[in-house]
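Reviewing the structure listed below.
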Amino acid sequence: CQDANGVTPLLDAVACENVECVEMLLCQGADPELAALNLDRPIREAALSRSPKSFVIFDILNATSATAIVIALNKISIPMSNPKNQSGIK
């Protein structure tokens with residue numbers, strides 16, 4: 001869910017530096033990549049704050065995003081090619 005400006009509860013929790021709320025929202029499936037209308041994202045908000053709590057939040061979001069990428073890559077199947085076959089050599 002997003003407000004009229006596209007701000008999500010996760011982005012709001014990051015801006016408030018509420019580590020527990022960030023963790024809870026992520027566990028409930030909040031999308032860490034969902035941007036507000038101004039294109040602000042939770043990980044950018046955490047990086048710009050530069051407070052100790054924001055560093056913790058940044059690490060949590062970074063790990064979550066990396067996990068999401070790995071899951072997405074595991075869902076697609078890319079056939080491994082053999083360079084010999086591409087050059088016509090058998």
Side-chain angles (χ1 to χ4, degrees):
C1 86
Q2 294 175 281
D3 69 12
N5 295 316
V7 176
T8 64
L10 180 59
L11 184 55
D12 224 9
V14 171
C16 293
E17 300 179 348
N18 189 328
V19 177
E20 295 80 17
C21 191
V22 168
E23 290 175 326
M24 186 269 308
L25 288 166
L26 289 170
C27 285
Q28 295 298 317
D31 184 353
E33 300 298 325
L34 191 59
L37 295 179
N38 67 358
L39 302 181
D40 201 6
R41 286 183 163 74
I43 200 156
R44 181 178 181 275
E45 179 72 29
L48 291 177
S49 177
R50 304 184 57 85
S51 74
K53 279 188 175 182
S54 286
F55 287 133
V56 171
I57 291 171
F58 180 86
D59 286 343
I60 293 167
L61 292 169
N62 196 35
T64 302
S65 294
T67 300
I69 290 168
V70 169
I71 290 169
L73 289 174
N74 285 333
K75 286 184 179 180
I76 62 173
S77 176
I78 301 174
M80 298 298 289
S81 63
N82 183 339
K84 291 181 181 179
N85 288 342
Q86 290 178 351
S87 64
I89 300 172
K90 295 188 178 194

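Numbering starts at 1 and runs along the sequence shown. Quick caveat: nothing in here was measured; it's all calculated off a predicted structure.
- Under the side chain to side chain contact (heavy atoms under 4.5 Å, CB included) rule, V14 has a single partner from S54, P42, S49, which is P42.
- Using a 4.5 Å cut-off between side-chain heavy atoms of Ile, Leu, Val, Met, Phe, Trp and Tyr, with links allowed through other members, L48 and I57 fall into different hydrophobic clusters.
- Once rounded to the nearest 0.5 Å, the distance linking CD of E23 with OG1 of T64 reads 9.0 Å.
- Residue P32 comes nearest to L10 through the heavy atom pair CA-CD2, 3.7 Å, listed as atom of the first residue, atom of the second, then distance.
- Within the 4.5 Å cutoff, the side chain of R41 has no heavy atoms near those of the L11 side chain.
- A 4.5 Å side-chain heavy-atom check between C16 and C21 finds every atom pair outside the cut-off.
- One finds the CG atom of D40 at 9.5 Å from the OG1 atom of T8 (value rounded to the nearest 0.5 Å).
- You'll find the side chain of L26 reaches within 4.5 Å of the side chain of L61, heavy atoms only.
- For the residue pair L37 and A4, the shortest heavy atom distance occurs at CD1-O, 3.3 Å.
- Residues A35 and Q2 approach most closely at O-NE2, 3.2 Å, considering heavy atoms.
- Minimum interatomic distance between V19 and K53 (heavy atoms only, all atoms of both residues): CG2-O, 4.2 Å.
- No donor-acceptor pair closer than 3.5 Å links the side chain of N5 to the backbone N or O of V7.
- With hydrophobic clusters built from ILVMFWY side chains whose heavy atoms lie under 4.5 angstrom apart, M24 shares a cluster with F58.
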